[in-house]
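Here's the structure, in structure tokens; my notes come after.
Both ligands and their constituent atoms are indexed starting at 1 by order of listing. No hydrogens, no waters, no symmetry mates; every other heavy atom, side chains included, goes into these values.
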Amino acid sequence: MPIPIVDGHNDLLLRLWRGEEPRDVLLDQTAESGFAGGFFAVYVPSARFEDPTEVPYSVPLAQPMRRDDAARIADELTDVLFGLERDGRLRVARRAEELLEAGVCAILHLEGADPLAADLSDLEGWYDRGLRSVGLVWSRPNAFAEGVPFRFPATPDTGPGLTEVGRALVRACNRLGILVDCSHLNRVGFFDVVEVTEAPVVATHSNAWSLCRSTRNLQDDQLDAIAASGGVVGVNFAVGFLREDGHNDPETPLSEIVRHAEYLADRMGLDHVALGSDFEGATMPVELGGIAGLPALVDTFREAGWDESSLRKLCHENWLRVLRETWR
Ligand code: ZN
């Protein structure tokens with residue numbers, strides 16, 4: 001039996017909404033891979049984003065979405081998720097205990113709060129549908145906050161912090177028991193969340209900036225704040241956020257994922273490191289492929305000296321703890 005993996009981020013819903021074949025999250029490979037599910041992003045795409053092919057790069061900040069467009073597309077993406085549930089391919093999680101039940105469990109995650117009304121009047125409706133995680137922003141501005149543009153090398157200190165309604169959204173998520181995700185958020189906004197939130201601070205799919213100087217990664221004092229809050233960072237497998245040289249090179253060894261996880265564990269402690277693949281949404285190491293490569297990834301950690309207790313924390317226990325503490 002492979003070790004169960006709860007994963008911080010995948011873009012399967014976007015892939016299916018676009019009518020494309022899944023590449024990484026093949027739901028008929030879940031049993032042998034150990035993939036137990038995790039965060040399934042409802043991400044309303046900006047104009048098609050291509051991974052930068054040269055380094056250094058500085059991609060302009062994406063344009064804001066019109067809220068009614070974002071709400072309509074988010075509804076369609078959510079329908080894709082519930083279609084998978086109706087077909088018996090997965091279950092949508094409402095309580096933390098459900099995560100490791102048999103089969104695949106999906107956390108309904110909004111990657112960017114763009115579809116939400118600025119007066120938050122629809123947040124409870126979203127919660128009732130199953131929403132359990134909100135990333136305040138993707139890499140663009142919205143009514144709540146501003147995301148980081150994709151730059152390398154550059155720090156995540158790229159713009160202003162949360163708006164007043166952004167702060168209100170964090171408090172409303174705390175009240176309802178919805179996880180607040182800081183991946184894609186800029187540095188000032190991140191520390192605004194740290195100041196406002198009463199829940200563990202989380203970055204579902206980000207890496208260590210000290211090892212890879214992408215705006216999408218987290219600086220050491222951000223890692224310290226996450227650890228102090230009891231939160232977690234999901235290591236992102238996107239090669240451009242792993243490699244020291246920032247290249248979008250699929251010939252990137254699995255040891256790069258271990259390198260980031262070890263840095264995060266050294267800085268924050270083993271209770272604060274998890275996985276956040278970015279499957280279906282980014283360039284993965286060819287050696288991994290999709291979820292079928294997860295047992296090989298776990299073996300790479302074993303070869304690097306990770307014992308079974310540490311692996312359980314990394315692969316699911318840390319996510320489960322944070323969800324138990326955050327959800328109602
Ligand atoms: Zn993302």
- Which atoms form the tightest heavy-atom contact between Pro60 and Pro149, and what is the distance? C-CB, 4.3 Å
- Task: Go through the side-chain N and O atoms of Arg187 and Gln222 and say whether any donor and acceptor fall under 3.5 Å apart.
- Result: no
- Validation row: Arg216, Ser206 side chains within 4.5 angstrom (heavy atoms): yes
- Message: salt bridge (Lys or Arg N to Asp or Glu O under 4.0 Å), that's the test. Do Arg140 and Glu146 meet it? Break it down for me.
- Response: CA-CA 6 Å; Arg140 62 193 169 211; Glu146 187 172 301; over 6 Å; no
- Note on the structure: Atoms of type N, O or S from protein under 2.8 Å of the Zn ion (ligand 1), total 3
- Message: Does Glu308, at its CD atom, have more than 12 non-hydrogen atoms belonging to other residues, nucleotides or ligands within less than 6.0 Å?
- Response: yes
- Query: Do Val59 and Arg151 have side-chain heavy atoms sitting under 4.5 Å apart?
  - Reply: no
